[in-house]
Number of protein chains: 2
Amino acid sequence: MKTADRHTQIADAAMRCFARRGFAGTTTRMLARAAGVSEALVFRHFPDKRSLYDEIVERKVGEEDDGLFPEEAAARGDDRAVLASIAAALVRRVESDADFMKLLTFSCLEGTSLSRRYFQARDRTAIEFLSTYLARRIREGALRPVRPETAARAFLGMSLHHLHLKHVLGLPVRRRPARELVETWVDIFLGGMKR
Amino acid sequence: MKTADRHTQIADAAMRCFARRGFAGTTTRMLARAAGVSEALVFRHFPDKRSLYDEIVERKVGEEDDGLFPEEAAARGDDRAVLASIAAALVRRVESDADFMKLLTFSCLEGTSLSRRYFQARDRTAIEFLSTYLARRIREGALRPVRPETAARAFLGMSLHHLHLKHVLGLPVRRRPARELVETWVDIFLGGMKR
DNA sequence: GGCATGTAAGTGAGTGTTTACTTACTTCAG
DNA sequence: CTGAAGTAAGTAAACACTCACTTACATGCC
């Protein structure tokens with residue numbers, strides 16, 4: 001097998017392990033088993049356990065997801081479209097990458113510096129985009145005067161709390177189609193924000 | 001020192017350790033150091049590391065918090081009071097017990113059965129109380145027809161997401177007085193739920 | 001009071017096992 | 001033949017947990 005392929009294969013398997021048991025809870029033996037190779041090979045590809053872990057996070061920081069920054073809907077002032085796009089993007093991201101979200105939560109709890117980097121890079125920009133948009137719409141008189149940051153967090157919270165319970169913590173949440181959920185969140189939020 | 005005192009003292013110190021590093025990330029040596037005793041004494045009080053961990057969770061399952069089930073405001077149909085009481089109770093709980101909330105999140109991620117028990121006992125009842133209340137108010141025509149469970153989760157999500165970021169994950173969140181936050185959440189939610 | 005005695009509180013120095021990581025070796029395609 | 005891909009068999013340290021032992025002190029007896 002080519003070096004690069006094996007490298008990513010090990011990293012992929014490792015992500016699943018770390019997501020399930022956390023950094024401290026995962027042994028290098030588990031990592032090797034999950035990737036179907038010997039422990040020695042894992043250490044040929046990564047200098048140590050921590051580097052492997054860090055590389056997984058690092059790789060994800062770069063990824064982008066569509067819909068999280070709906071610039072054109074924002075330019076049009078289409079509140080409904082902006083919010084629905086963001087919420088749908090969050091659902092997509094968490095559902096398609098539940099393992100990484102778990103790993104990330106572990107990482108935050110364990111206090112790794114990389115998790116902070118990730119949140120700075122992604123969560124932060126999402127909240128800033130939305131609160132900037134809301135601030136403008138409030139200035140335009142289209143929405144009630146509320147602290148934009150608080151309101152933005154409140155909206156993201158509706159989606160993220162649900163997604164967190166379901167996909168990260170794996171707790172039983174009544175199943176509803178994503179489209180219906182997004183619609184409900186947007187309806188409630190916009191209803192509460194309109195003048 | 002009396003047995004019972006030392007027992008709780010070790011458990012208290014252990015909670016701080018487990019909250020900071022998780023179960024797997026905490027060594028019995030750390031537990032002993034944190035409690036200021038020898039490792040041997042820890043094992044005199046608890047049969048093993050897991051039992052110590054479990055006992056901490058078990059102890060908390062029993063605790064109750066005021067305001068999470070505002071029965072009388074609910075009976076009056078005072079939506080604002082019901083929601084504000086619940087949100088304030090959540091803020092109080094998470095702020096006063098951030099360590100345990102971290103431990104609990106770790107526990108869920110690590111897949112311990114006890115964390116499920118906790119959520120069944122507490123989160124579940126909170127969501128049920130609120131969604132039952134909302135269902136009634138919708139039936140009475142006071143609120144828009146929305147799935148009560150989805151709406152209830154959405155409301156709790158606004159508070160819990162914020163609290164989770166700030167106190168559990170320890171991420172930088174702009175500081176606002178709790179009272180102001182609660183008011184904003186209630187305003188947005190009720191505005192969006194009113195007919 | 002003085003002093004033996006029983007017991008609960010507490011620990012230093014281990015136990016065997018598991019851990020992260022290494023070394024010395026084999027295999028095999030080009 | 002060479003070099004890259006791969007591993008079996010280690011190593012030292014750290015791990016959860018135990019054991020044999022030492023206090024500290026209350027109690028009862030003279």
Discussion item. Please tell me whether B:Phe100 and B:Phe18 form a close aromatic pair, meaning their ring centres lie under 6.0 Å apart.
Written reply: no
Discussion item. Rounding to an integer number of Å, can you tell me how far B:Arg33 CZ sits from D:dC15 P?
Written reply: 11 Å
Worksheet, complete the sentence: Rounded to whole Å, the NE2-P distance (A:His7 to D:dG6) equals 13 Å
Worksheet entry | Ion pair A:Lys49/A:Asp54, N-O distance below 4.0 Å | no
Discussion item. Check this for me, if you would: do A:Asp65 and A:Arg122 make a salt bridge, where the nitrogen-to-carboxylate-oxygen distance has to be below 4.0 angstrom?
Written reply: yes
Item to complete: Quick one, give me the B/S/- string for nucleotides 16-30 of chain C, reading 5' to 3', where B means a protein heavy atom under 4.0 Å from the base and S means that only happens at the primed atoms, P, OP1 or OP2.
Response: ---SBBBB-------
Item to complete: For B:Val42, report the nucleic acid contact type (base, sugar-phosphate, nothing); a contact means any heavy atom under 4.0 Å.
Response: nothing
Discussion item. Can you measure B:Tyr53 atom OH to D:dA16 atom C1' for me and round it to whole angstrom units?
Written reply: 17 Å
Worksheet item: Rounded to the Å, how far apart are B:Met1 CE and D:dA24 C1'?
Response: 15 Å
Discussion item. Just checking A:Phe23 against A:Phe106, ring centres under 6.0 Å apart?
Written reply: no
Practice prompt. Could you check how far CD of B:Gln9 sits from P of C:dA9, rounded to whole Å?
Written response: 13 Å
Discussion item. For B:Phe69 and B:Phe129, take the angle between the two ring planes, folded into 0 to 90°, and tell me which bin it lands in: parallel under 30, tilted 30 to 60, perpendicular over 60.
Written reply: perpendicular
Worksheet item: Between B:His45 (NE2) and D:dT18 (C1'), how many Å, whole number?
Response: 16 Å
Item to complete: Taking the side chain as every heavy atom from C-beta outward, state whether B:Glu180 and A:Arg147 have any atom pair closer than 4.5 Å.
Response: yes
